[in-house]
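To keep things clear, I will list the structure first and then write my remarks on it.
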There are 2 protein chains.
Amino acid sequence: MTQPTENTSYKDIKQTVLARIRSGELQPDSLLPNEEKLAVEFSCTRTTVNRALRELADEGFLERRRKAGTRVLSAPQRQARFTIPMVRDEVEALGGTYRYALISAASQTAPEWLSARLALSPGQSVMHVRCMHFNGNTPFQYEDRWIVIDSVPQVKQADFSQTGPNEWLIQTVPFTNVELSFLASRADATVAGFLDVSQGEPIFTGERITWLQGQPVTFAKMYFAAGYRMTTQF
Amino acid sequence: MTQPTENTSYKDIKQTVLARIRSGELQPDSLLPNEEKLAVEFSCTRTTVNRALRELADEGFLERRRKAGTRVLSAPQRQARFTIPMVRDEVEALGGTYRYALISAASQTAPEWLSARLALSPGQSVMHVRCMHFNGNTPFQYEDRWIVIDSVPQVKQADFSQTGPNEWLIQTVPFTNVELSFLASRADATVAGFLDVSQGEPIFTGERITWLQGQPVTFAKMYFAAGYRMTTQF
DNA sequence: AAAAATTTAAAGTCTACACAAAATGGATGC
DNA sequence: GCATCCATTTTGTGTAGACTTTAAATTTTT
């Protein structure tokens, strides 16, 4: 067995510090020694310690403030990262064949609830696009989307018959700000029809609002087929 | 107006590269110049470029491979980070008063579905804990949890009458591996009763499995009160 | 005692350089 | 043609040191 190389990589330091937190050697809310001291302890440079602690802070275990030092968070803010794939990728990752179908696309003045939600001025026009995403012939997701025409004038020329509005938007609008929610909703007649489930069925639903520099761009509701689960590991 | 300091911080480089991707100057799937060339272009060191690109890769915009170089991801893998707070924190963040109540805690041999799910050997015993989390007097979450006794023997002495099993576990078991899922389920009689909704109501549900070095530790189902949504911004 | 100015400790970032590790693409051998 | 080996390119990570920025703590002033 070869002698392991010295444990002074930033990864080793991360591991060690984490272990100390978990073993209780580093109590919640307590201060860590400063970077210089740790560098001496691990016999490496401050740069290396810095990277280790910076990443641990990023991952939600530590809180760092200049001059105040580095503190163990009392409630380790574990955070799950969900990759938000495009539907096509998600279906293909399942080994299925992605198929897209446009249901309708038409411009109209924004309904009141939407104006309120996106803080639109009354009477602004929006493009309402509804479409389906299939896994083979099985419904996968029903998408109900509204696009603010003033924010994306090109949408009037867009052709949604072949590709979904999401793919189009991602290519066209370099969005800056997204709010994403997930909830459980109840299938109404429309949704039930498109997803081929009975009315009232619980539906895993996503809502997505996108802004471009403060301007609302799009509001989308995504209704997933029965049995869908969003999963992550960490 | 003072002359802005030269734009060569790693943040500026990130911004610039992102802008180039969004403007189409850097096409999806195309290769970026290598770090040395970019360092020359931005007149900074390779270290700085490295950090910028590393973070962009981390955020899902680029893919980096040694010798192969850095490539623009065709489908920018935007990923949402959801902080998984402890229920207490979540309620308190809403400005509410957290209250906990134990419903039952008893050990038994693992039911078949659980053994299958966690790959337990037949007949292993588990502790079954059910409890409620309230926001004031309003039900917030109903938790149905199973803890593998062989993996956490101390659980036999644990007292869940005052604090929930989740807080206890986090303190006790330095978990290494978590699988977290979210789905929409239908309230059965039990869930409906505890959450004070009518039976059949769609319920936003979380499932969490935790392992410690390959050993299954706990399986939990968390049923959220009606109207719950999990939200993130990025 | 309160407010304002100053000091100072800690993290944040950068430079410049070196060596390590991975993996590609070509060279070599069969 | 196919597999194996090897050189080379590119990212990954480390060292050593400096300067910057933030904000807590102290001192001075009001």
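Just so it is clear, the values below take in all heavy atoms, side chains as well, and ignore hydrogens, waters and symmetry mates.
- One can place CG of A:Leu38 at 13 Å from P of C:dG12, the figure rounded to the nearest angstrom.
- Every residue was checked against the ring pair (Phe, Tyr, Trp, His ring centres under 6.0 Å) condition with B:Tyr10, not counting sequence neighbours, and none meets it.
- Rounded to a whole Å, the CG atom of B:Leu31 is 12 Å from the P atom of C:dT24.
- For A:Gln157, there are no side-chain contact (heavy atoms from CB on, under 4.5 Å) partners two or more places apart in sequence or in a different chain.
- In terms of the salt bridge (Lys or Arg N to Asp or Glu O under 4.0 Å) criterion, residue partners of A:Glu92 (sequence neighbours excluded) are, by chain and number, A:Arg88.
- Here C:dA23 presents its C1' atom at 13 Å from CZ of B:Arg71, a figure rounded to the nearest Å.
- Ring orientation note: the planes of B:His133 and B:Tyr100 are tilted relative to one another, at an angle of 30° to 60°.
- With sequence neighbours excluded, no residue forms a ring pair (Phe, Tyr, Trp, His ring centres under 6.0 Å) with B:Phe134.
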*Mark up nucleotides 7-13 of chain D, 5' to 3', with B wherever a protein heavy atom is under 4.0 angstrom from a base atom, S wherever such an atom reaches only the sugar-phosphate, and - elsewhere.*
-BBBBBB
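- Side-chain N/O atoms of A:Thr48 include one lying less than 4.0 angstrom from OP1 or OP2 on D:dT15.
- If you measure from atom CG of B:Asp12 to atom C1' of C:dC14, you get 12 Å, rounded to the nearest angstrom.
- The separation between A:Glu55 atom CD and C:dG12 atom C1' is 15 Å, rounded to whole Å.
- B:Ser185 pairs by the side-chain contact (heavy atoms from CB on, under 4.5 Å) definition with B:Leu183, B:Ile203, B:Thr205, B:Tyr223, not counting sequence neighbours.
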